[in-house]
Amino acid sequence: MSDSSNETLREAALFYHENPKPGKLEVRATKPLANGRDLARAYSPGVAEACLEITKDVTNAARYTARGNLVAVVTNGSAVLGLGNIGALASKPVMEGKAVLFKKFAGIDCFDIEVNETDPEKLADIVCALEPTFGAINLEDIKAPDCFIVEKLCRERMNIPVFHDDQHGTAIVVGAAATNALRVAGKKFEDIKIVSTGGGAAGIACLNMLLKLGVKRENVWLCDIKGLVYEGRTEEMTAQKAAYAQNSAKRTLDEVIDGADMFLGLSGPGVLKPEMVAKMSDNPIIFALANPTPEIMPDEARKVAPGAIIATGRSDFPNQVNNVLCFPFIFRGALDVGASEINDEMQIACIEGIAELARATTSAEAAAAYQGEQLTFGADYLIPKPFDPRLSAVVSSAVAKAAMDTSVAARPIGDMEAYKAKLNASVFKSALLMRPVFEAAATAARRIVFTEGEDERVLRAAQAILEETTEKPILIGRPEVIESRCERAGLEIRPSRDFEIVNPENDPRYRDYWGTYHEIMARRGVTPDIARAVMRTNTTAIGAVMVQRGEADSMICGTFGEYRWHLNYVTQVLGCEEYRPHGSLSMMILEDGPLFLADTHVWSLPTPENLAEVALGAARHARRFGVEPRVAFCSQSQFGNQFEGTGKRLRAAISILDGMETDFEYEGEMNVDAALDPELRERLLPGGRLSGAANVLIFGHADAASGVRNILKMKANGLEVGPILMGMGNRAHIVTPGVTARGLLNMAAIAGTPVAHYG
């Protein structure tokens with residue numbers, strides 16, 4: 001990296017840490033404190049009740065305080081990665097960063113604690129005294145051999161998990177990467193020769209873990225700055241290194257590397273030379289993990305060993321050995337079962353979970369986060385990427401189960417599948433609300449045709465549909481394009497074998513399809529020639545014809561193009577007296593729950609009749625997600641204070657509903673703030689018929705509905721499920737170009753639900 005690039009990065013990093021407020025953390029209250037009643041419950045006298053419950057049973061601390069989800073990251077700054085002994089205060093940015101990772105990846109609250117204490121026994125005393133505050137301790141960046149002493153004393157004296165991430169976190173990720181590297185190389189742990197450089201905490205922990213995975217002690221050759229660790233050596237020795245001393249006359253790395261199957265480097269730049277790599281076995285495994293400059297650069301190693309399987313500690317090369325794959329999730333599982341320690345079995349379960357996940361099909365979310373990278377299991381993809389959202393459920397649940405199996409769990413989990421679903425819900429915001437829809441969809445194997453079948457998001461959704469539902473995807477597209485894109489994306493699915501394909505360029509049903517389309521459209525200006533052209537070029541029309549002919553139960557389109565363009569063909573083919581578009585409904589999943597918006601796409605300027613139909617459909621669909629609808633008609637007008645405009649049409653829609661038998665609350669017309677704030681609404685219209693905050697907002701103009709939808713997506717981190725096309729009997733849904741693969745999966749579940757389930 002050039003000097004100018006380094007300076008730019010330096011300035012950007014400093015700006016990031018300083019603005020908009022210094023540091024990377026803040027404390028937020030999780031309970032309301034808006035009035036005297038809240039204060040009485042939060043502090044005196046109400047707080048005494050929680051205190052008394054904890055005195056009766058100490059495990060109640062996890063029920064009534066944050067302790068059950070609180071970790072301390074503790075350091076004295078004596079061995080900060082890449083910086084050395086910079087002291088406690090200077091290490092604080094690193095520890096804050098670690099705390100942020102806990103929160104980001106596992107939803108764990110974390111305090112960083114930097115301690116001015118260099119004596120390991122005194123440091124252990126300080127850490128042990130923190131036990132009442134925390135559910136677990138993460139020791140970080142403490143130099144060897146002091147870190148071994150601190151961890152040993154804390155583990156012996158504390159009844160909560162104590163985990164030195166520099167040792168065990170690195171060892172776990174190395175173990176997972178090594179497991180898969182050996183699978184790629186066709187070798188076994190018990191047969192390989194390992195040469196390692198670096199006798200520090202991480203290096204020793206990695207070797208200890210590799211022994212637990214099956215490596216033979218006599219096949220491990222450890223080198224450090226003084227050369228081979230051999231029996232009788234006294235210089236620069238520790239008890240931990242001595243455990244790997246070899247009875248050998250060899251003394252240098254160059255001498256012992258001959259025939260090695262695996263090099264494990266946790267030392268310094270340039271330690272492993274190309275000529276040493278040439279002496280290793282065929283297809284050598286090289287883990288050059290020194291940061292920022294590895295023991296050997298990957299391109300140098302491959303010049304002499306083209307088949308080398310290489311991992312580094314850097315994000316700009318494949319196979320980054322990054323502790324973030326481990327520590328958030330091992331702590332998540334340990335905290336959730338109230339584990340008293342993190343034992344070997346839990347660590348091995350973590351290894352197996354990480355390794356297995358890399359061998360599975362890559363998630364759409366990880367692919368989106370790492371665009372341009374090949375995320376297919378093999379030599380360049382041994383371990384998952386840190387932003388793979390599946391890590392939480394897979395790894396945390398494996399750790400929790402291992403804790404229960406080894407009897408170190410104070411709060412065992414009764415339903416592991418429900419626990420996994422809860423973990424997924426914390427990562428996939430839609431998971432919890434979509435559960436009843438997926439359950440309903442599981443009662444029938446409906447055929448869903450995706451009209452843009454060549455889109456990678458559709459392909460990933462199709463893979464997920466086959467894995468997670470009983471639905472049968474049908475894709476419209478060219479088979480050779482679909483196959484090549486499945487292969488490029490690392491997907492296991494293949495055309496014809498796993499799903500049906502309709503090829504617009506050459507399908508035996510072409511004559512039947514254009515004939516059906518012409519029959520429907522003959523008196524609307526469509527000639528046979530036009531019908532033939534449409535059935536060759538318009539995949540939305542093809543999908544609609546398939547549903548019309550009964551060859552598919554529902555269609556999903558819209559991953560590109562304008563919504564109403566697609567709606568035109570859907571309505572042409574599938575619209576009739578029984579089925580016609582009533583409106584579109586978007587469920588926005590926000591931090592405090594779901595909010596439904598309509599009509600976002602179908603009617604630009606809906607009539608009162610349109611608005612009444614939209615409200616009826618929105619109420620039905622809200623119940624599909626387990627939400628009891630409270631509908632607010634939203635306008636610039638506030639309960640009649642503006643006679644004309646959207647308020648007039650909304651008042652007319654309410655009159656229509658008043659004349660019908662309805663089973664949901666509705667009120668209006670009103671401003672959005674009045675809809676969402678019951679106290680404000682009560683001041684404006686005492687005794688109104690809407691209880692609580694509205695959860696369904698109906699707008700009198702598509703611009704307003706669409707604007708609110710997009711603001712919630714972009715500024716409130718809202719996740720959209722939809723838009724759901726109402727009124728078409730669940731036979732067609734039109735998504736928008738910004739939809740994700742997860743969004744398509746959600747829409748497939750909605751489309752896969754028999755109409756009887758939601759009226």
Side-chain angles (χ1 to χ4, degrees), residues 6-28 66-67 70-106 108-155 157-158 160-170 200-202 205 266 268 290-293 313 322-324 327-328 331:
N6 280 326
E7 184 61 24
T8 299
L9 176 60
R10 176 180 178 276
E11 291 174 357
L14 291 175
F15 184 86
Y16 174 88
H17 280 80
E18 185 178 7
N19 297 285
K21 60 175 66 174
K24 298 188 285 284
L25 296 171
E26 67 179 8
V27 175
R28 293 189 179 186
R67 185 176 187 264
L70 188 61
V71 169
V73 175
V74 184
T75 188
N76 63 1
S78 58
V80 179
L81 182 63
L83 299 173
N85 187 358
I86 61 174
L89 183 58
S91 74
K92 187 170 179 62
V94 179
M95 302 308 121
E96 282 189 358
K98 190 72 177 278
V100 168
L101 296 179
F102 267 113
K103 189 67 173 180
K104 168 65 179 177
F105 290 102
I108 294 172
D109 296 316
C110 185
F111 289 161
D112 60 293
I113 299 178
E114 296 78 28
V115 183
N116 273 326
E117 182 53 72
T118 57
D119 184 300
E121 294 189 6
K122 290 181 179 179
L123 180 57
D125 289 340
I126 293 169
V127 175
C128 290
L130 298 173
E131 183 169 353
T133 301
F134 297 99
I137 302 291
N138 185 144
L139 299 175
E140 190 81 13
D141 291 351
I142 302 170
K143 70 177 183 180
D146 294 0
C147 58
F148 301 116
I149 300 169
V150 175
E151 185 193 26
K152 180 176 183 296
L153 291 173
C154 290
R155 287 172 65 95
R157 293 161 54 185
M158 303 181 80
I160 58 174
V162 177
F163 187 80
H164 186 206
D165 189 43
D166 299 320
Q167 293 183 62
H168 310 301
T170 303
L266 290 130
N291 260 327
T293 306
N322 190 330
N323 290 10
V324 78
F327 71 81
F331 274 97

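Counting begins at 1 with the first residue of the sequence.
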Q: Go through the structure and list residues passing side-chain hydrogen bond (donor to acceptor under 3.5 Å, both in side chains) with D165, not counting sequence neighbours.
A: K98, N323
Q) Roughly how far apart are R155 CZ and I137 CD1, rounded to 0.5 Å? A) 13.0 Å
Q) What do the steps show when you test F148 against H164 for side-chain contact (heavy atoms from CB on, under 4.5 Å), and what is the final call? A) CA-CA 9 Å; F148 301 116; H164 186 206; over 6 Å; no
Q: Kindly compute the distance separating CD (E151) from CG (L139), expressed to the nearest 0.5 Å.
A: 6.5 Å
Q | All side-chain hydrogen bond (donor to acceptor under 3.5 Å, both in side chains) counterparts of E18, not counting sequence neighbours | A | none
Q: Specify the closest pair of heavy atoms between A144 and A201, including all atoms of both residues, with the distance to one decimal.
A: CB-N, 3.9 Å
Result block: side-chain N/O donor-acceptor pairs under 3.5 angstrom for residues 128-135, not counting sequence neighbours:
{"unit_1": "E131", "atom_1": "OE2", "unit_2": "N159", "atom_2": "N", "d": "3.0"}

(Q) Give me the atom names and distance for the closest heavy-atom approach of S78 to I142. (A) OG-CA, 3.4 Å
Q: With sequence neighbours excluded, tell me which residues meet salt bridge (charged side-chain N to carboxylate O under 4.0 Å, His left out) with K103.
A: D109
Expected list for residues 116-123: side-chain donor-acceptor pairs under 3.5 angstrom, two or more places apart:
{"unit_1": "E117", "atom_1": "OE2", "unit_2": "D119", "atom_2": "N", "d": "2.9"}
{"unit_1": "D119", "atom_1": "OD1", "unit_2": "E121", "atom_2": "N", "d": "2.9"}
{"unit_1": "D119", "atom_1": "OD1", "unit_2": "K122", "atom_2": "N", "d": "3.1"}

**Q.** Distance-minimising heavy-atom pair for M158 and V127
**A.** CE-O, 3.5 Å
Q) Distance from F163 atom CZ to F331 atom CZ, nearest 0.5 Å? A) 6.0 Å
**Q.** Those residues that, when tested against K143, pass side-chain hydrogen bond (donor to acceptor under 3.5 Å, both in side chains) (two or more places apart)
**A.** none
(Q) Looking at every non-hydrogen atom in both residues, tell me the closest pair between N291 and G313 and how far apart they are. (A) ND2-O, 3.2 Å
Q | Minimum heavy-atom distance G77-N85, with the two atoms named | A | O-OD1, 3.3 Å
Q) Going by atom types only, do E96 and H17 share a side-chain donor-acceptor pair under 3.5 Å? A) no
Q.
Can you give me the closest heavy-atom contact between I108 and P328, atom names plus distance?
A. CD1-O, 3.5 Å
**Q.** Gap between atom CG of L83 and atom OG of S91 - 0.5 Å precision
**A.** 10.0 Å
Q: Output the distance between atom CG (N138) and atom CG (D112), rounded to the nearest 0.5 Å.
A: 11.5 Å
Q) Got M95 and C110 here, is their nearest side-chain heavy-atom distance under 4.5 Å? A) no
Q.
I need the I113 CD1 to I126 CD1 distance, nearest 0.5 Å.
A. 10.0 Å
**Q.** Enclosure of L14 CG (heavy-atom neighbours >12, cutoff 6.0 Å)
**A.** yes
